[in-house]
Each structure stands twice: as structure tokens, then as C-alpha cells.
Amino acid sequence: MSAVLTVQDIHTFIGQFHILEGVTVEVPDHSITALLGRNGAGKTTTLRSIMGLNPPARGQIQYRGQALNGRKPYDIAQLGLGYVPDYRAIFRQLTVEENLKIAERRPGDLDRKRQFIFEIFPDLEKLYQWPGGQLSGGQQQMLAIARALVPDNSLLLIDEPSEGLAPVIIEGMMAAIRRLTAQAAVLLVEQNFRVASQLADRYVIIEDGRSVHSGTMPDLLASPALIQKYLSAA
Amino acid sequence: MRPTLRVNVFRQSLIVSGLFVLGLLVVNLAVFKPSTVAVVMLSGLYQGMLFFLIAAGMSIVFGLLDVLNLAQGAFFMLGAYAGFAIYGALPAGTPIEARFLAALLGAAVTGGLAGALMEVGLLRPLYARPVYQIVMTLGLSTALNEMVRAIYGPAGLVPIEEPPALATTFTVLGGQFETYRVFIIVVGAALMLGISLLLQRTRLGIIIRAGVQDSEMVQALGINVRRIFTLVFALGTAVAALGGMTAAPFLGAYPGMGTDFLLVAIIVIVIGGMSSYEGTAVASLLVGLTRATAEQISLQYFNTPILASVSILLFMVAVLLVRPTGLFGRE
Amino acid sequence: MTKASRSAGLIWLGLLAAALLIPYGFAALTGTPAQDAAGLAGWASAAAAAYCAKGPTPLVWLQAGLLAGLAAASLAGRRLGAWAEAVAGARGGYLTGLAALAALPFLIAAVTNSSACTRGQAFFWQAIFVDVFIMAILAISYNLMFGFVGVVSFGHAAFFGLGAYSVGLLMEHLGWPWWGAVLGALAISVAIALIKGFVGLRIRGLYFALFTLAFAQVFFLLAGNRLLVNVTGAEDGFTFAVPDFLNMTKNRLFFYYLGLAAMVLAFLVVRQLMRSPTGRVLVAVRDNENRAQMLGYNTFYFKLIAIVIAGVLAGGAGVLRGLSLKGASPEVLGLDFTMTPLIMTLVGGQATFVGPVLGAFGLHLLEDFLRDTVVTVAGVSINVGERWALILGVIFILIVIVFPYGIVGTVQNEWRKRRARRP
Ligand SMILES: Nc1ncnc2c1ncn2[C@@H]1O[C@H](COP(=O)(O)OP(=O)(O)O)[C@@H](O)[C@H]1O
Ligand SMILES: [Mg+2]
């Protein structure tokens with residue numbers, strides 16, 4: 001199993017703050033890797049560093065053998081990375097259709113993917129002409145993920161998809177994300193450990209801006225001490 | 001099935017604007033002869049269209065880049081001078097229609113290129129410092145005005161001839177009106193519609209509307225937002241420059257001609273809600289009609305056009321006090 | 001001694017005492033050597049009056065001596081130690097600068113071999129410096145809003161122009177005495193500031209800037225309109241008579257010291273304000289208004305204080321401008337008198353005390369030095385004076401892009417960096 005993405009010991013600053021102090025992550029193809037860690041640990045910043053939104057000052061990021069360091073976010077996205085931020089970033093003034101359309105990288109992307117998207121997220125079909133600002137939280141989350149599916153992305157960075165959603169909706173979302181591995185690798189940030197443990201194949205734990213532990217999900221589940229140490233709320 | 005707050009607010013603003021125009025009409029009918037009313041209304045429309053040509057770019061650029069381009073008036077002036085230069089440079093014997101058209105197009109192209117240059121060279125270094133951007137545009141406005149003064153002298157150029165077909169007058173309800181002003185109304189309306197279609201129907205339009213809200217996310221979707229910024233900025237200055245040349249047959253070209261229009265354009269976008277394109281379009285007509293009405297009243301009773309400018313300044317202050325984010329503004 | 005000259009002498013002295021006592025009184029309140037310096041400026045104007053009074057009356061000498069003695073006693077008695085410290089320390093620069101400005105008319109007179117009291121080279125330069133002082137006050141006022149409180153105003157000319165207009169109109173049309181007209185003009189500045197504050201400060205950020213622009217523009221339009229031609233003289237403006245002692249054509253040296261004292265006063269007012277608890281809240285408002293509100297400050301009230309003080313300072317600068325030119329025309333209400341102090345603030349260094357003063361001196365003097373200079377670049381001759389506005393625009397853009405902290409800010413930053421590098 002080859003790695004789609006390797007993040008090697010990156011250090012990222014926001015303003016003068018040294019936020020990431022050595023994060024290493026490897027994402028194998030066609031699988032889900034979960035970034036775990038407490039609030040404020042640096043998970044979102046890791047995703048933003050990969051996308052070039054907060055470029056790292058040191059360390060290497062390789063995507064399918066190409067270095068991402070120094071590239072602009074749009075350039076990185078065009079290589080086949082889809083980003084679903086924690087705040088979803090749905091364009092409120094745009095209809096659902098336009099929200100999807102804007103993600104096209106080649107003309108016709110949306111036409112090719114529309115059926116697939118409706119299959120995964122049936123809700124979006126009947127909401128197709130609604131302005132994004134009027135969707136519910138769950139619908140916005142679906143749209144945000146769907147938007148990352150419009151072009152042929154082979155790596156999806158998804159930040160806290162279950163946040164603020166009702167349990168029933170979370171179930172649907174999980175099913176959808178699981179289906180995505182057929183065509184792409186997923187790097188998932190998830191606070192809800194139950195969700196993360198059911199979805200992910202591998203995990204990386206981040207603590208205070210450092211990746212401190214990684215391995216396969218079954219190993220993690222077998223180690224309550226690790227969970228207690230890094231992930232318990234207290 | 002779409003009960004929405006936002007749409008309601010929009011509709012409300014439209015209704016208020018409609019009522020305002022109706023009120024202006026009533027005032028007109030009460031104060032003037034019918035022939036004067038017609039002329040005032042047409043004159044309000046043509047002024048409104050000129051204001052729109054400057055304000056449209058400012059408003060869209062403000063929404064997308066968060067920069068209030070106070071040099072936009074200078075581009076209006078630049079358009080007039082560029083148009084004059086092209087008009088004069090064409091060989092003798094070129095039909096006036098061809099000269100005129102070339103001048104219009106040349107003005108737009110010059111304005112667009114100069115705008116692109118400004119965005120890349122002067123605005124980009126300042127994206128991290130928003131207040132300085134505005135201050136810089138103010139400085140650029142002075143510099144451009146003075147540059148023109150240095151090259152062409154302070155006196156300004158005599159208005160050029162418009163095509164004979166547009167140099168006529170016609171009568172509405174007994175009032176005399178110049179055909180050229182109708183031409184301005186048509187140009188303005190065409191651009192108003194064109195820009196609206198661009199925003200609503202094209203991919204560029206989708207990107208612009210998305211970028212107004214969250215340009216970082218647009219970039220994360222694989223779109224080179226910087227290039228879009230430059231393009232939009234250039235389009236805005238091109239339209240302003242076109243406006244300057246459109247006005248040139250009766251304004252001529254003189255240093256500082258844009259400054260007067262800039263002030264009105266600022267009033268327009270503040271009333272319209274800064275980054276709302278619809279707001280800017282509606283507000284430019286409201287301001288044009290208000291200005292024309294006040295001007296006529298002022299001329300009739302005080303023998304000076306003083307109220308023309310004062311009325312719209314007060315209009316803006318009133319709108320800001322009632323709705324601090326303008327008629328169509330958000331939040 | 002004639003009766004007329006005696007009463008003129010008395011009026012003089014009253015004014016000199018005021019020029020001395022206002023800054024000096026201020027100094028007494030706060031008690032630092034730099035503020036004693038303000039007293040010195042007042043004392044210098046007393047001396048100037050005596051110097052040019054041509055056969056000074058015994059009374060003038062007596063009073064001037066008394067005031068000088070008072071100042072000297074205070075220096076020797078209470079603050080000698082502090083003074084020595086100040087001259088050696090950071091304030092030495094201020095004091096040296098002030099001493100230089102106080103001596104300047106006589107230096108110029110000596111160098112150009114002309115009299116400081118009558119027409120000639122020295123007289124000419126005094127007028128230029130009066131303009132510099134006036135612009136410096138305007139820039140100090142602008143910096144208070146822009147630099148310290150973080151409020152961008154595009155309508156500062158309204159304060160300035162209305163100061164010039166109202167002092168003239170009150171004297172010329174309502175027949176008020178000069179001191180009544182000055183107080184009236186300052187009161188009008190307060191009123192305008194309150195209106196701007198109550199109406200405009202509810203509107204935030206850019207909207208406020210545009211609101212002030214519209215506000216100033218209304219007055220500009222009204223002043224230039226023929227509707228009020230009998231009062232304001234419309235486009236041409238109007239002139240008015242001022243009492244002899246305030247007449248810059250006759251008593252220029254006195255006006256020079258008046259302007260200097262006013263500038264020092266403005267400087268001290270802003271510095272004192274920004275060093276007070278109120279000033280700290282104002283800076284907090286600039287840095288993060290929401291947080292300041294959450295800390296329980298009524299930020300509106302604090303901004304109102306700032307705008308009133310800035311308004312009075314700018315209005316005072318306008319009053320001086322009106323008195324010095326003995327007239328006012330619409331240009332004083334125009335965009336130029338908003339732009340120029342803004343540029344001066346940026347060039348000198350926003351949010352610094354001495355920055356706007358340096359900016360005003362630098363730009364204004366540069367303009368005057370270069371007035372008739374013709375520079376030839378690549379075969380093209382450029383008359384610098386004629387193209388000053390263009391040059392200013394370019395300086396403006398360069399400063400904004402290359403030196404956003406201005407002269408003083410850049411120097412301070414370098415200084416800090418250097419100190420930080422040293423262990
Ligand atoms: N714009 C910012 N400025 C300063 N600090 C920030 C900024 N964004 C995030 N941080 C800090 O960086 C740390 C990591 O944040 P984040 O990556 O969002 O954590 P997580 O996603 O793991 O909850 C936090 O301590 C947060 O306070
Ligand atoms: Mg996060």
C-alpha cells in the first residue's frame with residue numbers, strides 16, 4: 001500500500017506563534033487516516049498546512065511524489081486535493097448547484113459527477129436550486145463534502161464532519177465517507193472518537209503541535225491507556 | 001417553499017426604493033410643469049447612469065478585495081483623456097462615428113490596462129494592510145490628476161464632437177432633451193444588464209460572488225484568486241474609463257473631473273450597501289433622480305444649483321443613520 | 001509716551017501673559033521639564049514683543065522681566081535637577097529643537113543680514129514657519145484620530161476650514177472682539193465635533209470615514225456657493241480686519257511665537273492625553289474595540305472625547321490660519337486640508353508624538369525650498385514648485401508601500417531591533 005501523502009516533520013507559524021512543532025503524517029491510498037487529539041492540538045492547522053493556506057516554515061510535504069512546499073493553495077488543489085474545512089465554507093449567496101459548479105476544474109466535471117453525488121447525498125437533489133445560506137447544518141456539511149467530489153480528487157482533507165450534527169445524520173455522513181475510499185484517500189479530523197474509530201483505518205495523534213503517536217485503528221482500540229492519555233476529555 | 005429572511009430584506013429594500021422614486025415623482029409633479037418633469041426625470045436617469053459606471057467597479061472590487069478604490073474617479077478622467085487622444089490621433093477623413101467608437105473602446109482598454117497595473121503593482125503589496133490600501137488609492141488619485149495636469153495643462157480639453165446622429169435634440173411632453181443623453185442612458189443600462197448577467201450567469205460571476213464571501217475557500221478549490229482579483233479590478237476601472245469617455249462629448253476632459261464624480265459614486269455605494277451590486281445599481285438611479293430633482297428645485301427657487309450636491313450628501317447621511325450598512329447592505 | 005501706545009502695550013502684555021501662562025499653567029499641572037519648555041515658548045514671545053516694540057515701554061520691560069523671573073525661579077527652584085536630566089536624556093532633543101525654533105528668527109536675521117521685525121528675508125521666513133506651525137497642529141490633530149484612536153477621517157478639513165471661516169465671520173459680520181471670535185470659533189469646533197461624534201461614531205470604520213468626507217464636502221460646497229455670497233464671498237472668499245497686535249503684516253515676529261506656542265501646546269495636549277488613563281483606553285479601542293467594550297469601557301464616550309479634542313486642535317489651527325491671512329476662502333474646507341495632514345502624519349510616523357510635527361516641517365519646508373527649483377531629468381525640465389502636488393502624491397504612495405511607519409516609526413523599530421539583538 002503506497003502513501004498518497006507524506007507529511008514529514010512540519011513546523012508552522014501563524015503570525016509569531018509557533019503552532020506546529022513537528023507533525024509527521026502518512027496517508028495510504030484508498031484508506032481513511034484519522035488525525036486525533038484534543039481541541040487546539042493543531043489538527044486544523046495541519047490540514048491548512050497541507051493545503052498551503054498556512055504554509056509550513058520547515059519540513060516536507062509530498063503528494064504522490066511531488067513536493068507541495070512553496071506551492072500556492074490553488075496550485076495544490078489542482079493536483080487533486082479536496083478540502084472540506086471545519087466551518088464548511090458554503091457560499092451562502094450561491095445555489096447548491098453553483099456551490100458545486102465552482103469546484104469544477106474542467107468543464108463538464110459536475111455533469112459527470114452529479115449522479116454519483118446525488119446517490120451519496122440524496123438530499124442535495126431536491127435542494128439543488130436553494131441558496132447555500134438556507135441549508136441546515138447537516139445539509140451544508142453534505143454540500144461541503146460533495147463539493148470536494150466534483151473534480152477527480154484523489155485526496156480529501158475533511159475537518160470535523162460530524163461536528164454539530166444529529167446522530168441520525170452522522171450515520172449517513174459516515175456511510176458516505178466510507179464510500180469515498182473507493183476513489184480517494186481521506187485524511188479525517190474527528191473529535192468524536194466513536195465516529196473516528198469506526199471510520200478510520202489508521203490514526204495519528206497530535207498533542208501540542210506535535211504528532212506523538214500513530215498506528216492502525218485496531219491497535220489504538222486495544223490500548224485504553226493511549227486513549228486515556230491523549231484523547232480523554234479531562 | 002423558500003421563505004427566507006434575506007430575500008425578504010432584499011424585497012423590502014426594493015419596495016422602499018420604489019416608493020422613494022414614486023415620492024420624487026410626486027414632488028416633481030407638484031412643483032414643476034409636465035415638460036420640466038420629463039426633462040428632470042430623464043436628466044436624473046442619465047446622471048444616475050454615469051454615477052453607476054464609476055460606482056459599479058468600486059462596489060464589486062470592494063466586495064471582493066475589501067479595497068475602496070478612491071482612484072476610481074481618476075480612471076474616469078483617464079478614460080476621457082485616452083479617448084480624446086485616440087479620437088485626435090486617427091487620420092483626417094475618418095468618419096466621426098468610427099472615431100467616436102474607437103475612442104470609447106480605447107478608453108475602456110486603457111482604463112483596464114492601467115487598472116491591472118495598479119492592482120498588481122500597488123495594491124498587492126498592501127493586502128495585509130487594508131487601511132493603507134485606501135490611503136494609497138487616495139494618493140494615486142492625486143498623482144494621476146496631477147500627472148494629467150502636468151502633461152495636458154490645467155485648462156482641460158474642449159469637448160469632442162459626437163456622431164451627428166447623437167447631436168440632435170428631441171421633445172418629450174414639450175421639454176427639450178438632447179439625444180446624446182439618451183445614448184448615455186442606453187450605454188449605462190446595457191452595462192448594468194451586462195454586468196448583472198456576468199455575475200449571475202457565468203463562471204467568473206460565480207467565482208466573484210463566492211469570493212466576496214470567502215476568497216480563501218475559493219482558492220482552496222483550485223482557483224487562482226489573485227488573477228481573478230486583477231481581472232475584476234481591471235474590469236471595474238475599464239467601465240469607469242468608458243464612463244469618462246462617454247461623458248466627454250459634453251463634459252470635455254479636465255484634471256479633477258473624476259473627483260466630483262468620485263464623491264457621488266461614494267455616496268451611491270454607501271447608500272446601496274457598499275458591496276451589493278444590486279444596491280449600487282438601484283442607488284445610482286435613486287441618487288441621479290434625487291440630484292436632478294433637487295437641482296431643478298434649487299434653480300427654480302434660489303437661482304443656484306446648490307441643493308443638487310447637498311441633497312445627495314444629506315440623502316447619504318440619512319440612509320446611514322437609519323441603516324448603517326446601506327439600503328441593500330448585509331449584517 | 002502716548003495714550004494709544006500705552007493701551008496697545010497693555011493689550012500686548014495681556015496676550016503675552018496668556019501665551020505664557022496657558023502652556024505654563026499646563027506644565028504646572030503635570031510638571032515635567034518638557035512642559036516647562038512650553039512656558040519658555042511663551043516667554044520667548046514676551047521677549048519678542050519687547051524686542052520689536054521699538055523703544056519698549058518701561059511697563060513692557062517690567063512685565064516681561066517679571067514673567068522671566070517667574071519662569072527662572074521655577075526652573076531654579078523646583079526643577080533644576082529634572083532639567084539637567086532632561087537635557088541629557090531623551091527629551092534633550094525636544095528641548096534643543098524648541099530652543100532652535102525660538103532662536104530661529106534671529107538666526108535668520110543674522111545670516112541674511114536683515115531685521116527680524118521689519119520687511120525682509122527674516123520676515124519672509126517667519127511667515128513660512130507660521131504656516132509650518134499651523135500645518136503641524138493640524139497634523140497633530142489628525143494623528144490623534146488616525147494614529148492613536150485608529151479612526152480614519154476624510155473630513156478633517158471641516159474643522160480647519162470652519163475655524164478659519166468662523167473667526168473671520170464673527171469679527172467681521174457680528175463685530176465680536178478678537179478674543180470673543182477666537183473662543184466662538186473654538187466653541188463651534190466643539191459643536192461640530194459633537195455632531196460628528198454623536199451622529200457619525202455610531203457608524204464604524206470605513207463608513208465613518210465616508211461620512212466625514214460627505215460632512216466636510218457639504219461645508220465646502222456651501223462656502224463656495226453664490227447663495228451666501230454677501231457673507232462668505234463665495235468662491236473668492238472674504239477678508240477681515242484683525243487688531244494690530246495680531247496683524248501678521250505688522251507684528252510678524254509676535255505671530256511667529258504665537259504659532260510656536262500653539263504648536264507646542266497642541267503637542268503637549270495630545271501627549272498628555274495619550275499618557276493618561278483615557279489615552280490607554282483609546283489605544284485599546286484602536287487595537288480591538290470589541291474587547292475594550294467587553295472590559296466594560298463605554299468606547300463611544302472615549303472616542304467622543306478624542307474627536308472633541310482633535311476638533312478643537314484642528315479648529316484652532318484654522319483660527320490661526322484665518323488670522324494670519326486675515327481672510328478665508330473655500331480651499332480651507334477642501335480635500336487638500338484633509339490629505340495634507342494625512343500625508344504629514346504618514347511621513348512623520350503615525351501614532352508617534354513627534355512624527356506629525358516632523359512630517360509637517362519636512363514636507364512644508366521641502367515645498368518652500370524647492371519652490372523655484374527646476375530639475376532636468378533626461379532632457380525634461382520639471383519645475384518642482386509647479387508639480388508639487390504630483391510629487392506629494394508620489395511620496396504618499398511610496399511612503400505607504402515602503403515606509404508604512406513613517407520616519408519616526410521606522411527609526412524606532414530599527415532602534416528596538418538593534419537593542420533586542422544586544423543581549
Ligand atoms: N489565527 C490564529 N492565530 C493564533 N493562534 C491560532 C490561530 N489559529 C489557530 N491558532 C492556535 O493554534 C492552535 C491549534 O489550532 P487548531 O489547529 O485549530 O487546533 P485543532 O484543530 O486541533 O483544534 C490552537 O492553540 C489555536 O489557538
Ligand atoms: Mg480544528
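Since the structure is predicted, the reported quantities are computational estimates derived from the model, not experimental observations. Every chain is numbered from 1 and lettered A, B, ... according to where its sequence line falls, protein lines coming before strand lines.
No other option in C/P404, C/G393, C/A209 has as many heavy-atom pairs under 4.5 Å with chain B as C/P404. Ranked by heavy-atom pairs under 4.5 Å with chain C, the first of B/I134, B/V135, B/V317 is B/V135. Interface check for chain C: of the options B/A150, B/A143, B/P125, B/G326, the most heavy-atom pairs under 4.5 Å are formed by B/A150. In terms of non-hydrogen atom pairs under 4.5 Å with chain C, the most contact-rich of B/L70, B/V310, B/I266, B/L144 is B/I266.
Proximity to chain C (any heavy atom under 4.5 Å) is shown, for B/F315, by neither the backbone nor the side chain. Using a 4.5 Å cut-off between heavy atoms, C/V152 contacts chain B through its side chain alone, with no backbone atom that close. Contact of C/L222 with chain B is made through backbone and side chain together, with heavy-atom distances under 4.5 Å. Contacts between C/F215 and chain B at a heavy-atom distance below 4.5 Å are absent for every atom of the residue. Heavy atoms of B/I267 lying under 4.5 Å from chain C are absent altogether. With a threshold of 4.5 angstrom between heavy atoms, C/I343 does not approach chain B through any atom at all. With a 4.5 angstrom heavy-atom cutoff, B/M316 touches chain C only via side-chain atoms.
The heavy-atom pair separating B/M147 from C/L390 by the smallest distance is N-CD1, 3.8 Å. Nearest approach of B/L140 to C/I397, heavy atoms of both residues: CA-CD1, 3.6 Å.
Side-chain contact between C/L221 and B/L313 is present, with at least one heavy-atom pair separated by less than 4.5 Å.
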At a 3.5 Å cut-off, give me the donor-acceptor pairs between chain C and chain B, one pair per line with the distance.
{"from": "C/R202", "atom 1": "NH2", "to": "B/L321", "atom 2": "O", "distance (Å)": "3.2"}
{"from": "C/N225", "atom 1": "OD1", "to": "B/T304", "atom 2": "OG1", "distance (Å)": "3.2"}
{"from": "C/N225", "atom 1": "ND2", "to": "B/T304", "atom 2": "OG1", "distance (Å)": "3.2"}
{"from": "C/Q350", "atom 1": "NE2", "to": "B/Y132", "atom 2": "OH", "distance (Å)": "2.3"}
{"from": "C/V400", "atom 1": "O", "to": "B/R129", "atom 2": "NH1", "distance (Å)": "3.2"}
{"from": "C/P404", "atom 1": "O", "to": "B/Y132", "atom 2": "OH", "distance (Å)": "2.8"}

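How far CG of B/L320 is from CG of C/L210: 8.0 Å, rounded to the nearest 0.5 Å. In this structure, C/L213 CG and B/L138 CG are separated by 9.0 Å, a value rounded to the nearest 0.5 Å.
Evaluation of the ring pair (Phe, Tyr, Trp, His ring centres under 6.0 Å) rule for B/F75 yields no partner, not counting sequence neighbours.
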